[in-house]
Colleague: 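Got a structure here, written out as structure tokens. Questions coming.
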Amino acid sequence: MSDEIAVLGVGMHPWGKWGRNFVEYGVKAAQDALADAGVAWSDIQFVAGGDTVRNGYPGYVAGATFAQALGWSGAQVASSYGACATGAQAIATARAQILAGLCDVALVVGADAAPKGFFAPTGGDRPDDPDWLRFRVLGATNPIYFGLYARRRMEIYGATELDFARVKVKNSQHGYTNPNARYKKTFTIEDVLESPMVSDPLRLLQICATSDGGAALVLSSMDYARKHTTDPVTVAGVSTVTPQFPQTVIEMPNFATDSAATQPLPDTPFKDSIAQLAYEQAGLGPEDLDLAEVYDLSSALELDWYENLGLCNPGDAEKLLNDGDTTIGGRIPVNASGGLGCFGEAVPAQAIAQVCEVTWQLRGEVGDRQVEGARVGLTINQGLFGHGSSVILKR
Amino acid sequence: MSSVEKPQIPAVEGWLRMDEADPSLLGTRCEECRTVYFPPERTFCRNPRCAGSSFEEHPLSRRGRLWSFTNNCYPPPDPYVASDPFEPYAIAAVELEAEKMVVLGQVVSGVNVGDLKAGMEMELVLATLFEDDENEVVVWKWQPVAA
């Protein structure tokens, strides 16, 4: 298809708490992606940077910082920020350049060095910023929102703490041998259920940590790719949708939903609409997926994504999990990488890292966490303030 | 409410009717499409099918049904002003029937996650968020309606 592009190379700097500069993680990931692609840095025509945040603005305005660190080459540049969805925005920018014929080959880089503990807003007295206000007035940390979603599953579907713990255990079993993962150990149900409660029903081991890490992609036109490889992984869909009014599910960092009293509900709720656009672009549906990387900011949130992706009907996610369907070897493995449960989150790198994992899976290069025969994979996440993010890859 | 003599001020100017007998969140309503907003919109209507830019104040329903709930077991970071020693507190998402919207709020002190159940009727009350040297800062909190 003419609207596909190729993933020529992928690279990552391992996730962790390394205490070094984010530029170092991004450059290492970029160098690995260039080597993987067999493309020289000097041949890259366009750099799309995912921005980290420093003091409330895009730190070092990331795309140019990575380009300078790799050695100024005159490449064109763009920088993106969409909170957790930052990586998808950078991918979408590079893809648009390639599909428009404005460049043949692009580098996408995102990296972060994250503070410890709860994410918190930039300081000062800033009552016109909803993100500042939700901390000031409610003390509503990110896990508060995750806790509301988790409790909602328990209240309407009968989900249990044990179900949520099983997600964490599954993901740890998937990812503990992943060389790029931060938590290289398996957890038991008891480990999870004995960890301290943070935002009931979510315990420490069910909530995503903040991590350092970097990820990069070399993307190209199909014509350019054919000079380098005969069977590249391709990007068949990229979704960066926003919600439709009225948005009736409470979303970070808001105090309230939109009112649905006067206006008709959208045909598709926001979180369902994220994958829907990627499916439409790819001409594929949930039944075509061989694996998915979803944003398990909390273990319970992974279950919501099963339903938003159309892997099962609303209320059936616990059954899908408990039947083993989403475990490697099952019908539709989810978070074969280990997910955020094994990585923690390096915000501007995470959506790019999801694409790295699916690319390696489709090439059959991941060893003991391999999803056998995988041909189609999807990534999905969501950034605060209403940023959708989903990529479909195939081979 | 606390008994100190400090002046009471709302946590956010213009969001609260500071009437202990009849407290309410102060939303706005678009004069064209009648859509209600909280926090209050005052400039442009966010309904994409409406070009409205005039709003009237619209106090929100004081009661609603509990949509979901959780709690803070650890003190939130700044700019939250946490009690010392910190006491965990619950946060509720309450669905207002007339407005068809869900509004977050802290739950009153002494009501914990174990006391809550989705679908419960909840009522908005005024309560102290924190006190500083000059003022008692007042916020809305959700309280189960006594059965």
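Note that these values count all heavy atoms, side chains included, but never hydrogens, waters or copies made by symmetry. Residue numbers begin at 1 in each chain, while the letters A, B, ... track the order of the sequences.
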Colleague: By a 4.5 Å heavy-atom criterion (distance strictly below it), what part of A/I250 contacts chain B: side chain, backbone, both, or neither?
Modeller: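 For A/I250, side-chain heavy atoms alone lie under 4.5 Å from chain B.
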
Colleague: Looking only at non-hydrogen atoms, find the nearest pair between A/R136 and B/Y80 and report the distance.
Modeller: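 Taking every non-hydrogen atom into account, O-CD1, 3.6 Å.
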
Colleague: For B/K141, which atoms come within 4.5 Å of any heavy atom of chain A: side chain, backbone, both, or neither?
Modeller: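 Neither the backbone nor the side chain of B/K141 comes within 4.5 Å of chain A.
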
Colleague: Please report the closest heavy-atom contact between A/T141 and B/P76, naming both atoms and the distance.
Modeller: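 Taking A/T141 first and B/P76 second, the nearest heavy atoms are CG2-CB, 3.9 Å.
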
Colleague: Among B/V12, B/V103, B/L104, which has the most heavy-atom pairs under 4.5 Å with chain A?
Modeller: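 Result: the option with the highest number of such pairs is B/L104.
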
Colleague: Are there over 12 heavy-atom neighbours, none belonging to B/E56, within less than 6.0 Å of that residue's CD?
Modeller: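 Result for CD/B/E56: enclosed.
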
Colleague: Which answer fits B/P88, side chain, backbone, both or neither, if we ask what part of it has an atom under 4.5 Å from a heavy atom of chain A?
Modeller: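 The answer is neither part of B/P88.
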
Colleague: At a heavy-atom distance under 4.5 Å, which candidate from A/A261, A/A150, A/G139 has the highest pair count against chain B?
Modeller: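 With the most close heavy-atom pairs to chain B, the winner is A/G139.
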
Colleague: Just give me the residue among B/L25, B/V139, B/V102 that pairs up with chain A most often, heavy atom to heavy atom, under 4.5 Å.
Modeller: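 Top option by heavy-atom pairs under 4.5 Å: B/V102.
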
Colleague: Any chance CD of B/E97 has more than 12 other-residue heavy atoms, nucleotides or ligands included, within less than 6.0 Å?
Modeller: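 Count not over threshold, so no.
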
Colleague: Of the listed residues (A/M197, A/R134, A/M154), which shares the most heavy-atom pairs with chain B below a 4.5 Å separation?
Modeller: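 Option with the top pair count is A/M197.
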
Colleague: Given the rule in the side chain to side chain contact (heavy atoms under 4.5 Å, CB included) test, do B/F69 and A/E155 qualify, once you have shown the distances and angles that lead to the verdict?
Modeller: CA-CA 10 Å; B/F69 52 94; A/E155 297 286 313; 3.6 Å; yes

Colleague: Is B/N71 in contact with chain A via its backbone, its side chain, both, or neither, using a 4.5 Å heavy-atom distance?
Modeller: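 Contact with chain A involves both backbone and side-chain atoms of B/N71.
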
Colleague: Using the rule given for side chain to side chain contact (heavy atoms under 4.5 Å, CB included), can you reason through B/M101 versus A/D258, listing the C-alpha separation, both sets of side-chain angles and the distance that settles it, and then say yes or no?
Modeller: CA-CA 6 Å; B/M101 67 195 295; A/D258 293 333; over 6 Å; no

Colleague: With only heavy atoms counted, which part of A/D125 is less than 4.5 Å from chain B, the side chain, the backbone, both or neither?
Modeller: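 Neither part.
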
Colleague: Is any side-chain heavy atom of B/R34 closer than 4.5 Å to a side-chain heavy atom of A/S259?
Modeller: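 B/R34 vs A/S259: side chains apart.
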
Colleague: Go through A/V249, A/L148, A/T262 and name the one with the most non-hydrogen pairs under 4.5 angstrom from chain B.
Modeller: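 Maximum pair count with chain B is reached by A/L148.
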
Colleague: With a 4.5 angstrom heavy-atom cut-off, is it the side chain or the backbone of B/A90 that approaches chain A, or both, or neither?
Modeller: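 It is neither, since no heavy atom gets under 4.5 Å.
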
Colleague: Does A/D267, at its CG atom, have more than 12 non-hydrogen atoms belonging to other residues, nucleotides or ligands within less than 6.0 Å?
Modeller: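 Atom CG in A/D267 is not packed in, count stays at 12 or less.
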
Colleague: Mind listing the closest non-hydrogen atom pair of A/V137 and B/Q106 along with its distance?
Modeller: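 Scanning both residues completely, I find the closest heavy atoms to be O-NE2, 3.5 Å.
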
Colleague: Where is the tightest heavy-atom contact between A/R151 and B/V113, given as atom of each residue plus distance?
Modeller: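 Minimum heavy-atom separation between A/R151 and B/V113: NH2-CG1, 3.5 Å.
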
Colleague: Tell me whether the rings of B/W15 and A/F255 are parallel (<30°), tilted (30 to 60°) or perpendicular (>60°).
Modeller: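 Taking A/F255 first and then B/W15, their aromatic rings stand perpendicular (interplane angle over 60°).
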
Colleague: Near B/E121 CD, under 6.0 Å, is it more than 12 heavy atoms from other residues, nucleotides or ligands?
Modeller: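 Yes, enclosed.
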
Colleague: From B/L96 CG over to A/T257 OG1, what is the distance, rounded to the nearest 0.5 angstrom?
Modeller: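 Between B/L96 CG and A/T257 OG1, I get 8.5 Å after rounding to 0.5 Å.
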
Colleague: Taking the side chain as C-beta and beyond, is there a heavy-atom pair between B/S68 and A/Y149 under 4.5 Å?
Modeller: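 SC-SC contact between B/S68 and A/Y149 ruled out.
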
Colleague: Does CZ belonging to B/F86 count more than 12 external heavy atoms closer than 6.0 Å?
Modeller: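 Atom CZ in B/F86 is packed in, count exceeds 12.
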
Colleague: Check A/P121 against B/D78 and note the closest heavy-atom contact, atom names and distance.
Modeller: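 A/P121 and B/D78 have their closest heavy atoms at CD-O, 3.9 Å.
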
Colleague: Could you give the distance from CZ (B/R46) to CD (A/Q247), rounded to the nearest 0.5 Å?
Modeller: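 B/R46 CZ to A/Q247 CD: 10.0 Å, rounded to 0.5 Å.
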
Colleague: Looking at B/W140, B/W67, B/F38, B/Y37, which makes the most heavy-atom pairs under 4.5 Å with chain A?
Modeller: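 So the answer, after comparing B/W140, B/W67, B/F38, B/Y37, is B/W67.
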
Colleague: When you look at A/Y145 and B/T70, which way does the side chain to side chain contact (heavy atoms under 4.5 Å, CB included) test go after all the steps?
Modeller: CA-CA 8 Å; A/Y145 291 83; B/T70 182; over 6 Å; no

Colleague: Let me know if A/F146 has heavy atoms under 4.5 Å from chain B in its side chain, its backbone, both or neither.
Modeller: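 The answer is neither part of A/F146.
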
Colleague: Side chain from CB out, backbone as N, CA, C, O: work out which of these in A/L133 comes under 4.5 Å of a heavy atom of chain B, or both, or neither.
Modeller: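 Side chain only.
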
Colleague: Give the member of B/N47, B/L129, B/V94, B/V137 that has the highest number of heavy-atom pairs under 4.5 Å with chain A.
Modeller: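 It is B/N47.
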
